[in-house]
Protein chains: 2
Amino acid sequence: MSDNLVISIDAMGGDNSPRVVIEGLAIAAKKNPDVRFLLFGDEGKVLPILNAYPNLKKVCEMRHATEVVRNEDKPSQVIRNRNTSMYMAIDAVRKGEAKAVVSAGNTGALMAISKLTLKTIQRIHRPAIVSIMPHQCGKYVMLDLGANTECDAVNLAEFALMGNIVAKHALGIEKPRVALLNIGAEEMKGKEEIHQAAKIIRNSQLDINFIGYIEPHEIPNGKADVIISDGFTGNIALKSIEGTARLVLRLLKNSVKKSLLAKLGLPFMLGVALSLKKTMDPRLYNGAMFVGLNGLSVKSHGGTDALGYSVAVDNALKLVRQNFVNTIRDELENVDLDLLSQEILYDSY
Amino acid sequence: MSDNLVISIDAMGGDNSPRVVIEGLAIAAKKNPDVRFLLFGDEGKVLPILNAYPNLKKVCEMRHATEVVRNEDKPSQVIRNRNTSMYMAIDAVRKGEAKAVVSAGNTGALMAISKLTLKTIQRIHRPAIVSIMPHQCGKYVMLDLGANTECDAVNLAEFALMGNIVAKHALGIEKPRVALLNIGAEEMKGKEEIHQAAKIIRNSQLDINFIGYIEPHEIPNGKADVIISDGFTGNIALKSIEGTARLVLRLLKNSVKKSLLAKLGLPFMLGVALSLKKTMDPRLYNGAMFVGLNGLSVKSHGGTDALGYSVAVDNALKLVRQNFVNTIRDELENVDLDLLSQEILYDSY
């Protein structure tokens with residue numbers, strides 16, 4: 001496995017692991033014949049499933065892990081346990097054995113172990129979970145989606161900086177419009193740390209096209225390319241968006257079922273229904289990455305299916321091929337990050 | 001105006017006031033011939049519009065207000081200014097001249113002046129904005145939707161108590177399922193004040209059917225009847241839900257427009273489209289109330305239209321007819337609210 005495209009897999013993470021993980025890898029392996037996988041997990045559980053996929057098995061190396069990080073484990077309880085499949089999978093990236101790690105396991109633990117093992121990029125205080133999502137006329141970058149429950153103004157300003165880089169490279173936008181998520185457009189609305197972050201970004205003279213606050217209902221309009229929030233708020237918004245999209249589609253389905261006339265019109269609508277379903281399918285946006293680390297760690301939704309898991313792996317591969325971690329590190333090296341921390345002192349005291 | 005059904009109106013609040021307000025009142029007056037309105041605002045702006053609605057004019061009494069609370073005003077700047085249309089409209093409720101006040105103006109100011117003027121119900125620390133919204137098989141009560149940016153555990157527990165009463169009376173649910181909004185189901189997920197609030201509610205021995213945490217994507221499933229959060233989080237969730245519902249409907253419309261086949265099927269789908277549009281129409285859920293006050297204060301969406309505004313007035317009327325404020329006060333009198341504050345001390349120190 002000296003290849004450049006080795007991905008490390010936490011085979012035990014996620015609601016239906018290792019089955020969904022292996023099935024997802026089978027899909028990803030078929031699409032990416034140049035990729036190899038390092039599988040970490042309970043051999044007794046992984047191998048029987050893997051044996052059913054001989055083509056996948058050829059590109060996998062199994063490494064036994066005796067323990068598993070559970071969803072209910074506190075990050076502090078598991079962060080130093082080197083025997084879990086999650087720890088071993090992340091550590092393979094640190095050792096250079098793999099270019100990225102993918103896990104569908106406990107987000108808090110994945111974050112904590114990734115941070116401990118891979119370390120944050122110099123002078124970045126906290127990594128964030130970032131995802132790329134669709135709005136009505138394109139895509140946007142959103143962070144933090146759940147890595148940091150509480151954030152101060154400097155954290156938020158650093159997220160703005162990193163999100164700006166992600167949008168430039170992943171979306172190809174030259175001057176991404178960066179906005180802070182808030183509950184009103186007015187200066188005094190929302191939380192103090194958001195006001196402070198706005199001041200820091202404005203005063204920092206960093207090359208960020210900062211457009212101020214954005215309210216959640218404006219996100220789908222495509223008003224901003226990068227949306228910044230603490231991890232609690234970002235996660236609330238993300239899950240509200242997912243749940244509502246599903247509700248509307250379900251309501252639509254139910255009312256068609258109830259109406260004979262609508263049923264007659266169904267064949268005409270099939271194309272539209274399929275295209276909408278595809279646009280809204282959360283599986284196709286699976287695979288959020290931690291940004292701000294010296295290594296690539298990708299989080300898959302814990303409850304996803306094989307297709308969703310394969311998308312997370314695809315995303316990890318895309319980022320590896322783009323040499324993403326180095327790009328972010330290089331860009332951050334050209335920035336005077338001290339600007340961000342000095343301003344907060346100036347403004348708040 | 002000795003009638004029981006007098007509603008006090010801040011004619012200057014909202015994005016397109018006083019025009020939208022007057023047009024909305026005209027709709028509401030037609031539906032409710034027994035209602036009288038006390039209008040507070042700039043006579044020079046209100047009367048010319050009102051003159052176009054002679055039937056409405058007959059049931060209105062105009063009171064001139066020299067000043068207006070603007071959206072960008074800080075609550076602290078305007079709270080003691082008795083010359084604004086908002087202050088005067090709220091004060092009419094305190095004086096007993098009106099049974100409720102409706103305003104589409106600055107939420108923070110409406111909250112602050114309502115609290116100052118009408119006072120909170122004894123031993124309730126903070127009022128909350130509560131709204132009733134649709135899920136896939138019924139309705140749910142959600143609070144706080146934006147009155148309190150930051151809340152402690154006792155505030156959240158009090159919201160649970162008040163939300164429980166609202167759901168019993170407004171939705172007719174005997175044992176409402178009450179849940180705290182959070183980013184995970186596990187005990188340690190999310191913020192400390194949420195964990196503390198869960199403990200307080202559980203330990204309080206209050207008669208609340210507390211079912212634990214709910215994540216935003218579970219809201220549409222109808223898993224809970226009452227959903228509790230701080231005002232920042234609730235507002236983020238609410239606006240994410242609104243924006244996404246609109247996005248999905250717009251995507252649907254756009255793809256139908258692009259497909260000739262789908263256009264041919266459109267006549268079959270018209271009924272479904274209209275019924276879905278009605279279910280999702282945010283105007284039909286307009287009119288959130290402040291709960292926890294000794295008087296009824298109803299907030300209309302600032303950007304709503306005449307129909308939306310009339311729904312807010314309808315909601316205020318419904319609550320007046322149900323004698324809602326007294327119901328909540330009576331129920332709270334039977335509760336030992338000290339249970340909520342003592343437990344937090346026990347748990348956190």
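A, B, ... follow the sequence lines: proteins, then strands. Residue 1 opens every chain.
- In this structure, E218(B) CD and E242(A) CD are separated by 11.5 Å, a value rounded to the nearest 0.5 Å.
- Taking each heavy atom of I236(B) and A237(A) in turn, the nearest pair found is CG2-CB, 4.0 Å.
- Heavy atoms closer than 4.5 Å to chain B are found in the side chain of I194(A), but not in its backbone.
- Only the side chain of E215(A) comes within less than 4.5 Å of a heavy atom of chain B; its backbone N, CA, C and O stay farther away.
- Counted within 6.0 Å of NZ on K139(B), heavy atoms from surrounding residues, nucleotides or ligands total 12 or fewer; the atom is thus considered open.
- When heavy atoms are compared at a cutoff of 4.5 Å, E150(A) approaches chain B solely by way of its side chain, counted from C-beta outward.
- Nearest heavy atoms, T244(A) versus P220(B): N-CG, 4.3 Å.
- Put simply, the side chain of K239(A) gets close to the backbone of I183(B): a donor and an acceptor are under 3.5 Å apart.
- Contacts of N106(A) with chain B are made by side-chain atoms alone, with heavy-atom separations under 4.5 Å and no backbone atom involved.
- Atom NZ of K74(B) is separated from atom NZ of K189(A) by 13.5 Å, given to the nearest 0.5 angstrom.
- Considering only heavy-atom pairs separated by less than 4.5 Å from chain B, the leading option among G243(A), G184(A), P216(A) is P216(A).
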